[in-house]
Each structure stands twice: as structure tokens, then as C-alpha cells.
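Letters A, B, ... are given to chains in the order of the sequence lines, protein chains preceding strands, and every chain is numbered from 1.
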Amino acid sequence: MPVSSYDPAAIEAKWQKIWEESHAFEASDDHSKPKFYGLIEFPYPSGQGLHVGHPRSNTAMDIIARKRRMEGYNVLFPIGWDAFGLPTENYAIKNKVHPADVTKANIDHFRSQLKMIGFSFDYSREVNTTDPNYVKWTQWIFLQLYKHGLAYKAEMPINWCPSCKCGLANEEVVGGVCERCGTPVIRRVKTQWMLRITAYAQKLLDGLDHVDFIDRVKVQQRNWIGRSTGAEIDFCLNDSDEKFTVYTTRPDTLFGATYMVLSPEHPLIDRMKDRITNYDACMAYREEAARKSDFERSELNKEKTGVPVEGLYAVNPINGKHIPIWLSDYVLMSYGTGAIMAVPAHDTRDWEFAKKYSLPIIEVVAGGDVEKEAYTDIQEGVLVNSDFLNGLHVAEAKKAIIARLTEMGVGHEKVNYKLRDWVFSRQRYWGEPIPIIHCDQCGMVPVPEADLPVVLPKVSNYEPSDSGESPLASMDDWVNVSCPCCGKPARRETDTMPQWAGSSWYFLRYCDPHNSSAFAGKEALDYWMPVDWYNGGMEHTTLHLLYSRFWHLFLHDIGCVSAPEPYKKRTSHGMILGENGEKMSKSRGNVINPDDVIREIGADAFRLYEMFMGAFDQAIPWSTNGAKGCRKFLDRVWRLQDIVTEEKGFSSALNGLMNETIKKVSEDYEKMKYNTAIAAMMTLVNEIYGRGQVTRGELEALLLILSPVAPHICEEIWQNLGHKEPIHHQAWPAWDEEALKHQEVEIAIQISGKVRGRIMIPADLTKDDTERILALEDVQKLINGRQVVKVVFVPGRLLNVVVK
RNA sequence: GCCGGAGUGGCGGAAUGGCAGACGCGGCGGAUUCAAAAUCCGUUGGUAGCGAUAUCUUGCGGGUUCAAGUCCCACCUCCGGCACCA
């Protein structure tokens with residue numbers, strides 16, 4: 001009698017309830033078993049609910065987590081909420097509710113949506129970054145950073161978003177506009193909390209050599225850190241004891257320096273005010289530059305501008321030549337020393353500037369035509385017009401000049417990084433308060449550990465002010481405290497931390513989420529860390545991923561965690577685009593809602609489609625028909641119950657394909673080639689229908705390898721087959737290498753490289769048997785009497801006969 | 001401009017230098033049905049041919065090789081990141 005039709009809604013609800021009640025996927029505290037820690041980026045619980053992008057990453061890791069459990073690992077696959085953030089705060093302002101209430105409602109919604117997709121998360125270890133028990137440890141880590149001199153307050157120009165009324169980190173400014181709202185970012189001088197991530201630039205770079213991250217991620221982080229090796233060289237001013245330092249990556253071209261450029265803000269201008277005969281013009285240029293936003297200043301194809309500094313010359317330390325000095329905003333105060341030596345013959349920017357202002361161009365590396373363009377090749381060039389460097393290659397010349405400058409005491413080798421310190425304060429309400437107290441007498445005093453967490457006060461108005469002060473600043477009751485040091489009246493810091501704070505260490509908390517005496521216990525950390533496999537979005541490469549590596553490296557240095565790097569392996573998923581191939585967004589009207597998809601085809605088919613739709617690491621447009629096709633496949637799997645026999649093992653006819661499929665699926669999952677793994681299972685099912693029946697053993701093996709992708713239906717059929725134990729308690733199936741060997745194989749016969757026929761031959765023939773195959777009647781027929789020039793036999797593949 | 005990634009049927013995509021187009025979607029034809037949906041069977045890169053078959057085909061142009069989607073050189077387009085970083 002045929003089984004009833006496949007009803008995903010009923011099956012899925014049933015198994016989700018069973019899993020929940022049996023605590024099926026909670027990590028065990030038994031630390032004697034081998035562990036596997038799989039991680040996905042914990043979601044920001046937005047009001048919009050789950051996006052179809054979330055399940056792509058989640059399902060991919062869920063498959064790995066489920067497979068690992070079947071392989072006998074103690075698996076930690078946790079979930080939590082990155083719940084601080086502006087959208088929640090803005091929603092709260094607009095609707096006059098407390099952000100904490102909005103957050104709770106959103107989390108509840110997210111959790112129920114995730115449960116409907118059947119992810120095997122360990123919900124008993126949920127973390128929530130806004131929970132005071134969590135905030136306490138975020139603040140604690142901040143204080144460790146502060147105590148080690150890695151958190152400091154500085155007055156500096158920052159990126160200010162006039163719409164969010166908030167300062168932004170460099171990493172949050174994209175193309176000159178606010179990453180979040182798209183408003184052009186302006187520069188504003190403010191006192192800000194900073195984290196000295198630059199102190200870890202080299203460690204962040206070195207650590208990449210020891211982790212298994214996809215290359216794209218490593219390359220992007222390396223570029224962002226931007227290490228360069230060069231030299232700092234001191235230039236004196238004529239008739240003065242004053243000097244200034246430049247940074248250059250091409251010290252070898254020192255003889256070709258024909259002018260100097262200072263950044264408009266360079267302090268030398270102020271110091272030399274009396275000697276500069278056009279001081280007013282210099283000041284005017286400085287003001288003009290300051291008015292420009294970062295965006296204008298870096299706009300594409302911008303014509304370079306500048307003014308000469310009159311009355312002063314720099315003296316080239318290597319040959320005593322006097323060199324004119326210019327101001328130009330193509331030199332940035334924030335990188336290197338804010339001053340450069342310009343070598344127009346061998347630097348494109350200097351060349352453009354020299355041409356515009358008719359400055360001399362001296363060739364010092366032969367190989368190009370410096371009248372036409374700057375010659376920047378560092379491989380081929382040989383030094384000329386450079387005294388003792390003449391005849392040396394660039395690399396040799398660099399060494400020689402640095403040695404000479406060092407000897408003379410006017411220069412030395414120097415490494416620079418593009419990475420900047422991390423602007424760590426935000427002038428908003430819904431974030432972790434920075435646990436510092438300002439005392440007139442004692443200065444900045446950390447909140448004592450016993451007083452953590454510093455919790456957010458209840459306020460009636462979360463609205464930030466245009467003055468750039470946090471809403472907390474107007475909360476007198478909260479702000480005014482007594483100094484923990486001297487007891488005199490003092491004031492709390494009113495800035496809060498950025499959203500990146502909580503997400504910089506959440507993976508540590510998962511190891512021991514209920515610990516009240518430490519952010520996590522040593523034993524739990526030693527057992528679970530590092531994260532074995534972390535999948536997430538490319539957009540976090542230079543933000544969350546870099547920040548959290550920094551925090552972890554620091555915690556390692558102060559002895560809080562054992563492993564230096566937090567993540568052993570990092571992979572990344574592609575974006576899901578709308579059906580029209582454009583980015584999904586409300587305004588484009590092409591958003592696919594996961595709830596609707598599940599209602600129509602079920603969670604298993606939804607998961608299956610998300611994994612089948614294309615290469616995992618590439619952007620893919622959604623296809624409603626494609627999703628339906630996946631449902632059709634599950635219908636076919638379901639109906640296999642109608643044609644199943646009682647035979648236990650594999651039938652001889654299907655033995656080879658069964659083993660091949662188990663092998664392919666097992667290996668493809670590990671490589672995240674989910675689409676081809678699923679294709680292989682579809683092929684198997686097609687083959688089974690072609691034969692009209694399936695043995696119990698074959699069906700069971702299919703269910704085992706399909707269950708990580710489509711767990712509910714596999715549990716159900718597994719139970720229908722009479723099993724008492726759930727499928728997720730079964731061992732992952734092995735394959736039999738012997739069964740993969742065929743008796744006979746079909747090979748292609750090529751005549752001069754073109755396929756002209758196919759024949760079956762014994763599979764074990766080797767190159768030594770070439771003559772035998774050549775002699776076969778079918779082959780001779782194709783050769784048709786022509787002269788054989790060459791024969792290539794590739795066992796198992798083809799025979800290529802080259803004829804005249 | 002620099003650094004990554006990618007260009008393959010109508011579409012999403014397969015393919016350790018070894019039979020291009022697996023698998024799915026869509027299309028076409030048929031079965032079932034009063035009819036439709038669902039399901040099942042067949043077929044499906046282009047061109048020529050009733051056909052066996054021939055021929056062309058992996059962004060463009062060269063090259064290496066018995067053999068190139070895959071390797072090398074040069075170029076074009078798209079996506080992502082960085083961008084006056086000295």
C-alpha cells in the first residue's frame with residue numbers, strides 16, 4: 001500500500017518538538033571526547049526578521065555540525081544575538097518604547113524562525129550581547145585593554161555621520177559615506193576613545209600564516225593592514241637647526257628628490273612661521289584643505305593642488321642640495337610622517353604634480369622614459385645619477401642607501417602600516433557604557449571590577465544631540481558618582497561602545513555561557529577553543545573578523561586564553577540576490593521571505609535549495625522554480641518508501657553507485673560543494689527509479705547522507721522503516737573502496753584528438769596494453785588504414801590515435 | 001589606478017590537462033485525466049540532414065600540447081575590496 005503523501009509541515013513540527021524536548025543538540029560537558037566547534041556569525045535581531053541570506057550560512061554549518069555528530073564528535077554549534085545597535089535604538093525612539101523591549105521581541109521572533117528551519121543549534125548556550133551578565137564581561141575586557149595602554153582617549157578628527165549623529169570607525173566608512181545610512185561622512189574633531197589595534201598590526205599579519213582562511217579573506221586583511229617597508233630620512237632646513245622627517249618606500253631614489261611636500265596640517269609650518277614669506281597663502285591653503293570632506297579630498301581623478309612654501313629650503317642629507325618645499329593635500333598627515341620627498345621621475349603622483357607646477361624631474365633609475373611618465377618598475381631598473389649607488393639594482397640600492405643614512409645618523413629603516421587605531425566610542429544610548437569615571441583629582445579611573453556591569457539607566461529620551469553628546473550625558477543621576485579612588489564627586493564616561501565590542505568575543509562566551517566569575521572558565525576554553533570552522537560574510541573581513549582577532553590576540557597575551565588565534569578555519573558564503581539578479585532590498589521589491597518559502601515547500605526543501613542553488617561561495621539569484629524543483633526531489637525520496645524491499649545490504653546492481661555516492665557526498669560536504677553533493681544524490685534517486693525498486697539498505701544509506709541537509713524528512717522515513725533510535729544518533733556511513741572498482745570501463749577513441757567512437761574495455765588495462773587495444777576491430781575500423789604516427793592511452797579515459 | 005574573483009546552453013550551474021554541458025529549472029512531445037494540477041515516460045547547445053552522421057561551440061586574439069573551459073602571453077567585460085598610504 002502506498003505511503004501517504006509527503007507533508008513537510010506536519011513532519012517538521014513533529015521533529016522540531018522531539019529535538020527540543022530531548023535536548024538533542026546540546027554540547028556535552030564530557031571533555032574526554034574529541035570536539036568540534038562550528039560557528040556562524042550570530043545575527044543582529046532586526047525588526048525585519050530573518051533574511052534568506054541567514055539560512056545559507058546556517059545550513060552550511062548545520063550540515064557540517066550534524067555530520068560531525070554522526071562521526072562521533074562532541075559538537076558545539078551555538079547561537080546568540082548581536083543585539084546592540086542603531087536600528088533598534090531608532091525604532092525605539094520612533095515608537096517610544098524601550099530598546100530592551102524591542103530587542104527582546106525581535107530575538108523571540110528570530111529564534112522561532114530559526115527553529116522552524118530545524119538548525120541543530122545548542123539553544124541552552126544562547127548569548128545576548130545586551131544582557132547585563134554579558135555586558136559585564138565586555139566591559140571587563142575593555143578595562144584590561146585600558147590597563148594595558150591599548151585603550152586611550154584622544155582628540156582627533158574623526159568620521160562623523162551627521163544623520164546618525166555618531167562617530168564612525170574607518171572601517172565603517174565606505175566610499176566616503178556612512179556604511180549604515182549612506183550619508184556623506186564629515187570630519188569633526190572630537191575627543192574619542194580609541195583602541196590601539198595598530199600595536200597588533202604585525203601580529204595580525206603574522207597570525208594569518210598559521211590559519212586556514214580562504215585566500216580572499218587573507219588577502220583582504222593583508223591589504224587592509226597594509227604593511228610597507230622603507231626608510232625614514234631626516235631633512236634639515238637651510239640656515240636652521242630645524243629638521244623634519246619623511247617616510248619613503250624608495251630611499252634608493254634619494255638623489256632624484258627634486259621637491260618636498262608637507263601635508264597642509266604639518267606642524268613645521270607653524271614652527272617656521274617667521275621664516276615663511278608667504279605664510280598667509282599657506283594658511284589659506286590649510287583652511288581650504290580642512291574644509292574638504294574626506295570624500296572630496298579623495299575624489300577620483302582629482303587635479304592635484306598645492307602652494308610653494310617660500311623662504312625655506314630643505315637640505316638633501318646625501319648631497320647637500322637645496323630642495324624647495326611645497327604644501328599639498330595629496331600628502332596625508334595621518335600616514336607616515338605627514339611629509340614626503342618627491343621623486344617625480346619614479347612616482348606617478350609626484351610626476352603629475354611636477355608636470356603641473358613645472359618642477360624638475362631627475363631620472364635616477366634607468367629603464368623608462370621619465371619625460372613621458374614616471375618609471376616605477378623596481379625589478380629591472382638600474383640606478384643612475386646617484387653617485388655611489390650607480391649601477392646597483394633597486395633592491396641593492398635600497399640596502400646601500402639605508403646603511404649609509406644610518407651611518408650618518410640621518411635615517412633608518414622603517415616599517416609602516418595603513419591600519420589605523422580603532423575609533424571605539426559612540427555617542428548613542430543602546431551600547432555598552434564605557435566603564436570609566438572622570439575625576440578632577442584622579443583623572444580617568446576605571447570602574448572597579450566589583451561594580452561591573454555599568455548598566456544603562458532608564459531614560460525617557462534616547463535621542464542623540466547635535467552637539468555630539470550621548471543621550472546618557474543628560475542623565476544627571478547616572479552621570480554623577482563618587483570617584484572610586486578618592487571618593488570626591490566625579491562623572492561617568494557617557495560614550496558607549498560600538499556594536500563591534502560584543503561581537504569581538506562572543507565565541508568565547510559560548511564555551512561557558514553561564515559562568516559568573518569569569519568571561520569563561522579556563523577548562524572550557526582550553527577544551528573548545530579555537531573555533532574549528534567559522535563561516536561568515538565577506539563584508540566582515542576588515543571589521544568583525546579583524547577586530548575579534550585583535551581582542552583574542554590580546555587576551556592570549558595577558559594569559560586569558562591559550563590559543564593565539566581564535567579561528568582555525570574561515571570560509572565565506574556568497575550573497576543571495578533577488579530573482580532579477582539584483583541585490584535583495586525592500587525598495588527594489590525583490591525580497592524573498594523565508595517564512596513564505598517554508599510554508600510553500602517546507603523547511604527541508606528550503607534548506608536543500610539554498611545548498612543546491614549554486615556554488616556556495618558565489619553570489620546567486622533566487623529562483624522560485626528552482627526551489628520547487630528541490631521539493632520535487634524530496635517528494636521522490638519520500639515515495640521511495642513505496643518501492644522499498646526488505647533486503648538489508650546493497651543490491652549488486654547498485655553496489656558501485658551507492659558507494660560512489662556515499663564517497664562523493666562525504667567529500668563534497670567537507671569542501672562545501674553542497675550543490676554537487678546534492679546532484680549526486682539526485683542521480684542516485686533517478687537510477688533507483690530506473691530500476692523500479694530500492695533495498696532497505698540502500699534507502700537507509702541515502703537517508704544517512706541526506707539527513708544533514710534535509711533532517712526532518714530523513715528522521716521520519718528512518719522511523720517509518722522501524723527504527724527506534726533517531727537518525728542523528730547513527731554513525732556516518734563508510735564506503736567500500738573495492739566496490740568503486742569497475743570490471744569494465746568505457747573509453748573514448750580519438751582519432752587525431754577528435755572523439756570518433758567509444759568502446760568497453762577491461763578496467764585494469766594499463767599503458768602496457770596499448771597495442772592490444774589498438775588491435776581491436778572497432779579501433780582499426782576508425783583508423784581505416786591510415787598511417788599511425790602516435791598513440792596515447794590514458795587508462796580509464798581514452799585512446800588517442802594520431803594518424804597522417 | 002592597485003588587489004581579489006568571475007565570464008560555459010534559454011536560466012542556475014558541472015567538469016584531478018583526457019569524452020564539455022553532470023544535476024536542476026525552463027521548453028517540446030507523449031501517457032494518465034471529462035479537463036486541469038500533480039505524477040510518470042521520452043526529448044532538449046547551435047547549424048546541415050529523414051537518418052546514421054558531419055560541423056561549430058566554454059568572453060576576444062595568439063601560444064604550448066597527441067589533447068586546453070582548465071596551462072602560458074596579450075586584451076575585453078562584469079562583480080567585490082582598496083584608493084593620493086609616499
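Across all strands shown, nothing is found opposite B:A83 as a Watson-Crick or G-U wobble partner with both distances under 3.5 Å. As the counterpart of B:A31, B:U39 is assigned, both hydrogen-bonding distances of the Watson-Crick or G-U wobble pattern falling under 3.5 Å. Base-pair partner of B:A68: not found among the strands shown (Watson-Crick or G-U wobble, both distances under 3.5 Å). Summarising the base pairing, B:A14 is matched to no nucleotide, lacking a Watson-Crick or G-U wobble pair whose two defining distances lie under 3.5 Å. As the counterpart of B:G49, no nucleotide is assigned, since no Watson-Crick or G-U wobble pattern has both distances under 3.5 Å. Remark: B:A6 base-pairs with B:U77. Criterion, Watson-Crick or G-U wobble with two distances under 3.5 Å.
For the pair A:R758 CZ and B:U53 P, the computed distance is 10 Å after rounding to whole Å. Atom CD in A:Q618 sits about 12 Å away from atom P in B:G12, given to the nearest Å. Rounded to an integer number of Å, the gap from NZ of A:K628 to P of B:G12 is 19 Å. Distance CG (A:D778) to P (B:C19): 20 Å, rounded to an integer number of Å. Atom pair A:M613:CE and B:A14:P shows a separation of 13 Å (rounding to whole Å applied). As rounded to whole Å, 13 Å separates atom C1' of B:C23 from atom NZ of A:K632. In this entry the distance linking NZ of A:K673 with C1' of B:A15 reads 9 Å, nearest Å. Following rounding to the nearest Å, A:L254 (CG) and B:A86 (P) show an atom-to-atom distance of 17 Å.
Checking B:A86, B:C82, B:C23 against every side-chain atom of A:W224, the shortest atom distance belongs to B:C82. Distances from the side chain of A:R756 to the nucleotides B:C66, B:A54, B:G24 place B:A54 closest. Taking the side chain of A:P621 as heavy atoms from C-beta on, and the options B:G4, B:G12, B:G18, the nearest nucleotide is B:G12. Of the candidate nucleotides B:A22, B:G12, B:C40, B:G12 has the atom lying nearest to any side-chain atom of A:I620. Listed nucleotides B:U39, B:G24, B:C19 differ in distance to A:R639; the shortest reach to its side chain belongs to B:U39. The side chain of A:Y247 sits closest to B:A86 out of B:C23, B:C19, B:A86. Residue A:N625 has its side chain nearest to B:C25 when only B:C19, B:C25, B:A86 are considered. Listed nucleotides B:G13, B:A20, B:C66 differ in distance to A:N800; the shortest reach to its side chain belongs to B:C66. Distance from the side chain of A:A679 is smallest for B:A22 among the nucleotides B:G12, B:G18, B:A22. Side-chain proximity of A:N675 to the nucleotides B:G4, B:C40, B:G13 is greatest for B:G13.
Remark: the separation of the P atoms in B:U43 and B:C25 is 16 Å, to the nearest Å. Separating the P atom of B:G42 from that of B:A48 is a span of 28 Å, rounded to the nearest Å. B:U65 and B:G13 have their C1' atoms separated by 29 Å, with the value rounded to a whole Å.
Across all strands shown, A:R227 has no heavy atoms under 4.0 Å from either base or sugar-phosphate atoms. Contacts of A:V794 with the nucleic acid, taken as non-hydrogen atoms under 4.0 Å apart, include base atoms. Nucleic acid contact for A:S228: sugar-phosphate only, since backbone atoms but no base atoms lie under 4.0 Å from a heavy atom of the residue. Residue A:G336 is out of contact with every strand shown, counting any heavy-atom pair closer than 4.0 Å.
A cation-pi geometry, defined here as NZ or CZ lying under 6.0 Å from the six-membered ring centre and within 45° of its normal, holds between A:K304 and A:Y330.
Here the OG1-CE distance, from A:T661 to A:M681, works out to 9.0 Å after rounding to the nearest 0.5 Å. Expressed to the nearest 0.5 Å, how far NZ of A:K741 lies from CG of A:D764 amounts to 10.5 Å.
A:F633 and A:F612 have their aromatic ring centers separated by at least 6.0 angstrom.
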Criterion side chain to side chain donor-acceptor pair (under 3.5 Å) on A:E41 and A:H544, from CA distance to verdict: CA-CA 10 Å; A:E41 285 164 350; A:H544 158 67; 4.9 Å; no

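In this structure the side chain of A:V343 never reaches within 4.5 angstrom of the side chain of A:T258, judged on heavy atoms.
Anti is the conformation of B:G51, whose glycosidic angle sits further than 90° from 0.
Counting only distance, with no hydrogens or angles, the side chain of A:R631 and the backbone of A:A605 share no donor-acceptor pair below 3.5 Å.
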